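Single-structure report; data block below.
Note that the structure is a prediction, hence the values are computed from the model and not measured. Both ligands and their constituent atoms are indexed starting at 1 by order of listing.
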Amino acid sequence: SASSDEKDLVIIGGGVAGYVAAIKAGQEGLNVACIEKRGVLGGTCLNVGCIPSKSLLNNSHLYHQILHDTKNRGIEVGDVKLNLANLMKAKESSVNGLTKGIEFLFKKNGVEYIKGEGSFVNEHEIKVALNDGGETSVKGKNILIATGSEATPFPGLEIDEKRVITSTGALSLEKIPESMLVIGGGIIGLEMASVWSRLGTKVTVVEFLGQIGGPGMDTEVSKTIQKLLKKQGLEFKLNTKVLSGDASGEKVQLSVDSVKGGKEETLDAETVLVAIGRRPYTAGLGLENIGLETDERGRVTIDSEYRTKHPHIRSVGDVTFGPMLAHKAEEEAVAAIEHIKKGHGHVNYAAIPSVMYTHPEVAWVGQSEQDLKNQNIPYRVGTFPFSANSRAKTNLDTDGLVKMLADPETDRLLGVHIVGPNAGEMIAEGTLALEYGASSEDIARTCHAHPTLAEAFKEAAMATHGKAIHF
Ligand code: FAD
Ligand code: NAD
């Protein structure tokens, strides 16, 4: 049993951070156990995050397109009906396939999977309250904290996941609400707003900042996507903060005010989605038993090698610093195992892409124009609109643009910002270019297949140091 031997590594949390670390550790020949309390591997991302949201986004987009965007393609469709229960089943089938796949990979790589809630007894021992009842304990030469994050609640609004929901509720509503207010116009807010708006809900997004998409999104890109989402029927209230909420009546009410003050009003809807960010999750972990403190935002404090103040206890993923993204968690997990096994490992935080899976998608990597301005870094801009791209034209999907930022002296790429069809796939090329220290000319002189959307990427690079051909 787990209690008798000491593992090389014990991982608490089986989300992307934890399960990737477990597989990598198994591959490196470490004797590893992973503790997960959810009953399923894959964490937030696979169960109530990235994967189910992309299923709903993809299929709601298809439905919306069949309703509104077929006639001009020469396709006439009859009665189109939505079967919400089956839409949800398709989502569950994608989720189940992937989570079972991880369980298989655990077996393949010799990872011991302990189903239960882990809690520090001391710096080397973790007790586990098993999901099936009873308790066990496990010791580790090394320990990895990968307990992830949870939705930040809105004070005074109790989450019931039916009328007042987080993303978790928004991924499994049983009926289409007539109206929805979204608190927070970040990525979760906009992805979930897109899903329900396409299915027929009247959605209003209330955002504290002057732009949607969160502060990391390039302002020009943010304005562009806001216009496009508005055309799809989303309503926005920017520079507006939600002061309080009340779910006691028939409708949920929010009292909001302009950021400058003096424009208080009450909004109401059948459903309110709280999407004001996520916070690190360490409840019940017993950090106090090993003298580990979290910072003012609840994050486990680590050094550049992911070590807490106890050097054999490391932490990666949403529970610690940096953007709360699955691929960031994955990179850190691999680097942390390399540190344990080889004494070195590295993540390039300057080249982590972000993608928002609306239609069209928004994707970026590197610095935004406002980042560069704020730091007084000189830059050159090249843009190329999808309306001038032949593949976008054949697809009748021409909204958006590619924007590139490069150093005016060296031409080194500084950032790429895309709003447009398939932006989330295209950004991989920008990330690779950034990682390799490419210049905009390097990209412009790389042959791209015709006709592809990626030619817009190449032509934006041409426009960065010279001129695009087709615009
Ligand atoms: P988590 O995935 O939260 O995993 C932590 C796991 O630890 C959980 O399963 C939890 O049950 C377990 N745990 C916690 N405490 C204990 C304990 N004491 N004992 C045992 N187990 C414990 N990111 C992207 O990159 N792309 C996307 O498209 C994307 N979409 C998202 C959509 C939504 C709606 C949400 C909410 C998030 C999305 N994210 C996306 C973010 C992504 O889900 C997270 O960045 C990622 O899941 C972080 O992985 P993690 O392993 O650090 O944490
Ligand atoms: P976020 O921090 O990105 O956005 C929250 C937004 O809410 C901000 O724009 C903020 O200004 C606003 N806000 C906060 N309080 C408010 C108030 N009282 N009134 C009005 N607006 C208010 O957080 P999120 O969208 O909840 O996402 C959480 C995390 O999950 C993020 O780190 C995100 O990167 C990750 N995620 C990623 C993806 C993806 O990669 N596609 C998808 C979903 C979630």
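Nearest protein neighbour of atom 6 (C) of ligand 1, counting heavy atoms only, is Glu36 OE1, 3.4 Å. Annotation: atom 41 (C) of ligand 1 to nearest protein heavy atom, Met324 O, 3.6 Å. Considering only non-hydrogen protein atoms, atom 1 (P) of ligand 1 sits nearest to Thr44 OG1, 3.5 Å. Looking from atom 7 (O) of ligand 1 to the surrounding protein, the closest heavy atom is Gly13 CA, 3.3 Å. What sits closest to atom 19 (N) of ligand 1 on the protein, heavy atoms only, is Gly118 N, 2.9 Å. Closest to atom 28 (O) of ligand 1, if we only count protein heavy atoms, is Lys54 NZ, 2.7 Å. Ranking protein heavy atoms by distance to atom 52 (O) of ligand 1, first place goes to Asp318 N, 2.9 Å. For atom 37 (C) of ligand 1, the closest heavy atom belonging to the protein is Gly49 CA, 4.0 Å.
Residues Lys7 and Asn31 bring a donor and an acceptor atom of their side chains to less than 3.5 Å of each other. Under 3.5 Å, the side chains of Tyr19 and Glu103 contain no donor-acceptor pair of N or O atoms. Between the side chains of Thr301 and Glu293, no donor-acceptor pair of N or O atoms lies under 3.5 Å.
Which parts of ligand 1 touch Thr147 is read off a 4.0 Å heavy-atom cut-off, strictly below it: atoms 5 (C), 7 (O), 14 (C), 15 (N), 16 (C). Under a 4.0 Å criterion applied to the non-hydrogen atoms of Ile188, ligand 1 contributes the atoms 35 (C), 36 (C). Residue His327 approaches ligand 1 through these ligand atoms, each under 4.0 Å from one of its heavy atoms: 25 (O). The contact set between ligand 1 and Val48, taken as ligand atoms under 4.0 Å from a residue heavy atom, comprises 34 (C), 36 (C). Every atom of ligand 1 with a heavy atom of Cys45 under 4.0 Å away is listed here by number and element: 2 (O), 43 (O), 47 (O). When each atom of ligand 1 is checked for a heavy atom of Gly317 under 4.0 Å away, the hits are 52 (O). Those atoms of ligand 1 that come under 4.0 Å of a heavy atom in Tyr281, given as number and element, are 14 (C), 15 (N). Atoms of ligand 1 found under 4.0 Å from any heavy atom of Gly15, numbered from 1 in the order shown, are 2 (O), 4 (O), 6 (C), 51 (O).
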Check your understanding: Between His64 and His359, is a ring-ring contact (aromatic ring centres under 6.0 Å, His included) present by the stated rule, with each step listed?
Key -> CA-CA 11 Å; His64 195 254; His359 189 85; 9.2 Å; no
Practice item. Using the side chain to side chain donor-acceptor pair (under 3.5 Å) rule, take Thr240 and Glu207 through it: C-alpha gap first, then chi angles, then the decisive distance, then the call. Key: CA-CA 6 Å; Thr240 305; Glu207 169 56 54; over 6 Å; no
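Using a 4.0 Å cut-off between heavy atoms, Ala151 makes no contact with ligand 1 at all. With a heavy-atom cut-off of 4.0 Å, Asn47 does not touch ligand 1 at all. Of the heavy atoms in Tyr357, only side-chain atoms (C-beta onward) come closer than 4.0 Å to ligand 1. Contacts between Arg278 and ligand 1, counted as non-hydrogen atom pairs separated by less than 4.0 Å, involve the side chain only. Of all the heavy atoms of Ile12, the ones lying under 4.0 Å from any atom of ligand 1 belong exclusively to the side chain.
Under the side chain to side chain donor-acceptor pair (under 3.5 Å) criterion, Arg299 pairs with Asp295, sequence neighbours left out. With sequence neighbours left out, Thr219 forms a side chain to side chain donor-acceptor pair (under 3.5 Å) with Gln211, Gln370. Remark: His310 pairs with no residue by the ring-ring contact (aromatic ring centres under 6.0 Å, His included) rule, at least two apart or across chains.
You'll find the side chain of Val128 stays beyond 4.5 Å of the side chain of Glu135, heavy atoms only.
With atom 34 (C) of ligand 1 as the reference point, the heavy atom nearest to it among Gly18, Ala146, Ala17, Ser167 is part of Ser167. With distances taken over non-hydrogen atoms, the option nearest atom 42 (C) of ligand 1 out of Cys50, Gly322, Pro280, Ala170 is Cys50. Checking Ala326, Pro52, Ala21 against atom 24 (C) of ligand 1, the nearest heavy atom belongs to Ala326.
At least one N/O-N/O distance between Arg38 and ligand 1 falls below 3.5 Å. Residue-to-ligand polar distances keep Gly284 apart from ligand 1: every N/O pair is separated by 3.5 Å or more. Every N/O-N/O distance between Val319 and ligand 1 stays at or above 3.5 Å.
Under a 4.0 Å N-O distance rule, the pair Lys24/Glu330 does not qualify as a salt bridge.
The residues lining ligand 2, counting any heavy atom closer than 4.0 Å, are Lys54, Phe154, Ile183, Gly184, Gly186, Ile187, Ile188, Glu191, Val206, Glu207, Phe208, Leu209, Thr240, Lys241, Val242, Ala275, Ile276, Gly277, Arg278, Met324, Leu325, Val355, Tyr357.
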